[in-house]
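What you see below is based on every heavy atom in this structure, not just the backbone, and it leaves out hydrogens, waters and symmetry mates. What you see is a predicted model, and the numbers here were worked out from it, not measured in a lab.
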Amino acid sequence: MRDLDNLQTQLAKEEAALGATHEQIEAARQQIEALHAQIAALQSQIAATERQIEELREHAATIEKRMELLREYMSMVDAAQQAPASAQTPPAAAPAPTPTPPDVHHTPVPSRAAAQATGGEGAAEILPSFEEEQEEEIGDLSFVESLPGAKPDDTNPPLTVKPDSFEALDEETLTHELLPRTHTFEEELLLVLAYHRKAIAPKDVGRVFRRLDYAPKQSATEKNIKALVEADHQFFEHAKEGRIALTAEGREEAQRLLEQLA
C-alpha cells in the first residue's frame with residue numbers, strides 16, 4: 001500500500017510539472033507573437049522613414065537646382081550691368097539702375113525670353129535648356145525689366161478673362177488663385193487631377209503638389225491618397241498600374257469648382 005501511495009504522489013507531482021511546462025510553452029508562444037508584431041511595426045516605420053528620406057532627397061535636389069540657377073542669373077545680371085557701363089563714352093552718364101536682389105528662400109528664375117531681352121544671345125546661352133516640368137517650376141522674374149535694354153516678355157500675357165476650362169487654365173492661376181480658395185483636401189485633389197488631365201500614381205501626387213509649389217491642407221502621402229480614393233468612389237477611381245483618376249462625376253465636380261473659384 002505504501003508503494004501505491006508513493007506512486008500516486010509521484011504521479012501527482014509529474015502532472016503538476018507537466019501543467020507548469022505547458023503554461024511556460026504558452027507564455028513563450030505569446031511572447032513570440034508579441035515580438036513578431038513589434039518586428040512588423042518596426043518594418044513599417046523603416047519603410048515610412050525610407051520614403052521620407054527619398055522625398056527629402058528630391059527636395060534637396062530641387063533646392064540645389066534653384067541655387068545653381070540663381071548663381072547663373074547673378075552672373076548674367078553682372079555681365080549685363082558691366083556691358084552698358086563700358087560702352088558709354090560720356091563720363092557724366094548716369095549709371096544703370098541696379099535690380100532688386102532676388103529672395104534667396106524662394107526665387108523664380110528668368111524665362112528664356114527675359115534672358116534674351118536682358119543680355120542678347122550671350123545671356124541666353126548662360127541659361128541651360130530644361131525639360132517642361134522644370135520650366136514650369138522656374139517661373140519668371142519681373143525685376144528683369146529694370147535692366148538696361150530689357151523688354152517686357154509678351155509671349156505669355158496675363159489672362160484678361162477668367163478661365164472657363166482646365167485647358168485654358170495656367171499653372172500660376174491654379175497655384176495662387178484657385179487652390180488657396182478651396183476648403184478641403186478633396187477639392188484640392190480634384191483640381192490638380194483635372195488640371196493634370198491624366199491618371200497619376202498615388203506616390204507621385206505629393207511630387208505634383210511640390211512642383212506647383214503649393215502645400216495642400218493634408219499631407220499628400222501615398223497612404224492618405226489611397227484612403228481618400230477608397231472613401232470617395234463617386235469622384236475618384238483606380239486606373240491602370242495602380243494609378244488614380246477622376247470619374248465622370250469627378251470631372252464635373254472639378255469643372256464646377258473651377259467656375260466657382262475662378
Keeping the roles fixed (side chain from R181, backbone from E177), state whether a donor-acceptor pair exists under 3.5 Å.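 Yes.
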T49 side chain vs Q45 backbone, donor-acceptor pair below 3.5 Å: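 Indeed, once roles are kept as given, a pair shorter than 3.5 Å links the two residues.
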Using 4.0 Å as the upper bound for N to carboxylate O, is an ion pair formed by [Y] and [X]?
| X | Y | answer |
| --- | --- | --- |
| R207 | E55 | no |
| R51 | E54 | no |
| R29 | E33 | yes |

Shortest non-hydrogen contact from [X] toward [Y]:
| X | Y | result |
| --- | --- | --- |
| L169 | Y195 | O-CE1, 3.4 Å |
| T175 | D213 | CG2-O, 4.2 Å |
| R243 | A201 | CG-N, 3.8 Å |
| R251 | L246 | NH1-O, 3.1 Å |
| P180 | L174 | CD-O, 4.3 Å |

For E241, I'd like to know if atom CD has over 12 heavy atoms of other residues, nucleotides or ligands within 6.0 Å.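 Atom CD in E241 is not packed in, count stays at 12 or less.
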Checking V192 against Y214 for the side chain to side chain contact (heavy atoms under 4.5 Å, CB included) test, could you report, in this order, the C-alpha distance in whole Å, the side-chain angles of both residues, the deciding distance, and whether it holds? CA-CA 11 Å; V192 169; Y214 177 82; over 6 Å; no
Side chains of [Y] and [X]: any donor to acceptor distance under 3.5 Å?
| X | Y | answer |
| --- | --- | --- |
| K217 | T182 | yes |
| S75 | D78 | no |
| R256 | Q260 | yes |
| T9 | N6 | no |
| E230 | H238 | yes |

Within this structure, what is the CG-NE2 distance for the pair L257 and H183, rounded to the nearest 0.5 Å?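 Going from the CG atom of L257 to the NE2 atom of H183 covers 10.0 Å.
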